[in-house]
There are 2 protein chains.
Amino acid sequence: MSTQDRLIESTRELLWERGYVGTSPKAIQERAGAGQGSMYHHFKGKPDLALAAITRTAEELRGAAERALGGAGSAYERIAAYLTRERDVLRGCPVGRLTMDPDVVADDRLRAPVDETLGWLRGRLAQIVQEGLDQGEFPPGLDPDETAALLVATVQGGYVLARSSGSPEAFDTAVRGALALLRPHA
Amino acid sequence: MSTQDRLIESTRELLWERGYVGTSPKAIQERAGAGQGSMYHHFKGKPDLALAAITRTAEELRGAAERALGGAGSAYERIAAYLTRERDVLRGCPVGRLTMDPDVVADDRLRAPVDETLGWLRGRLAQIVQEGLDQGEFPPGLDPDETAALLVATVQGGYVLARSSGSPEAFDTAVRGALALLRPHA
DNA sequence: GTCTATAGAGTGATAGAC
DNA sequence: GTCTATCACTCTATAGAC
């Protein structure tokens, strides 16, 4: 792995653990085993490096989500597969947590990949809900966009509940609540 | 308002805007119009002041929630009143956002009021769901705890979606999705 | 491409005068 | 109870040698 790659990976880890405000170039360099000059040779500064890290994390998240959502099974089963996929719940969402970082939200270039990822996820879930409607799996009145937003919010909010209590239990409980309301029972 | 109160209020604002890691004693003092010595006279340090601020914010949040949840109307109507109550959506939740602050989650004394507040909210909502079940308002299989966790997660996750997109729209969409699934249609 | 040296500003806190 | 002075340290970045 190149020094450049190690810098990006270290930044990804630190952004996940401590957020943008809580992550210093010095900490990144130490974790990557690189010096000051090395970092500033490859990247213009902290925002530039963060953008590279966030972009890579966003791509990975889309891949992981698509592996669950694009699998086999009914619409409900694919949604359930996504909601219950293996997660390091107490670490939170590496993309969603960035929305609580004031310096990320204030910078359009840093916020863009976050917004695109969550927007893509909402759209992808809405597609699947629509498929479920077409198959008569869900009640005809169900709104795909609203339901998709609800599902993404459940996951993001589940992380908040879990981290607040220090246990993944609350995340799973919220997810079960969502699946119970969505489950076809006709 | 006393200097002590101004320090707490300034801390509350800054914790909401920038989180714990992003809030410095200096910034607090400037906003409160107080000097260094003044702050360290009233509080032992940053964690001590943050605890006072978080405690007060948590109390206010419970009050605001109870005003919606303890009102008149059916269970569904009170839940809807809570979900759609006036919110400064793009500012996020002053309590929930603290769960993304590593230094808050790592400190049991700071995490406690956050956990207690979200725990109380889950319990209060579960109570109301149970009332709805008793009244035959909701389908008999509905689990109060799961549903309550789902509702709190919807709100917390709705903030994430809204801040990601820079618009409150996504929050409202997720809330509509939750209310649509919960609405009595018998 | 990587290193060390340096810089000005900020961080969180203490000391002691008033 | 509030102020200023000071502290050791960290933050983000630049300069320039190798």
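Just so we're on the same page: letters track the sequence lines, and every chain starts at 1.
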Side chains of [X] and [Y], donor plus acceptor under 3.5 Å:
X      : Y      : answer
A:S165 : A:E169 : no
B:R12  : B:T57  : yes
A:Q36  : A:Q29  : yes
B:R91  : B:Y159 : no

* Selection: residues 39-53 of chain A, any non-hydrogen atom under 4.0 Å of DNA chain C -> A:H41, A:H42
Rounded to the nearest Å, what distance is computed from the [atom1] atom of residue [X] to the [atom2] atom of nucleotide [N]?
X      : N      : atom1 : atom2 : answer
B:D103 : C:dT11 : CG    : P     : 14 Å
A:Q36  : C:dT4  : CD    : P     : 10 Å
B:L7   : C:dG12 : CG    : C1'   : 15 Å
B:L14  : C:dG12 : CG    : P     : 12 Å
A:I28  : D:dT10 : CD1   : P     : 16 Å

* Structure fact -> Of D:dT2, C:dG10, D:dT10, the nucleotide closest to the side chain of A:K26 is D:dT10
* Salt-bridged, A:D172 to A:R87, with N to O below 4.0 Å? -> no
* To do: Taking only Lys NZ, Arg NE, NH1 and NH2, and the carboxylate oxygens of Asp or Glu, determine whether B:R183 and B:E137 approach each other closer than 4.0 Å.
  => no
* Asked: Can you tell me if the side-chain N/O atoms of B:T3 get under 4.0 Å from OP1 or OP2 in D:dG1?
  -> no
* To do: Return no unless some side-chain N or O of B:S24 is found under 4.0 Å from OP1 or OP2 of C:dT11.
  => yes
* Structure fact -> 5'-most contact on DNA chain D (nearest-nucleotide basis), A:Y20 vs A:G37, goes to A:Y20
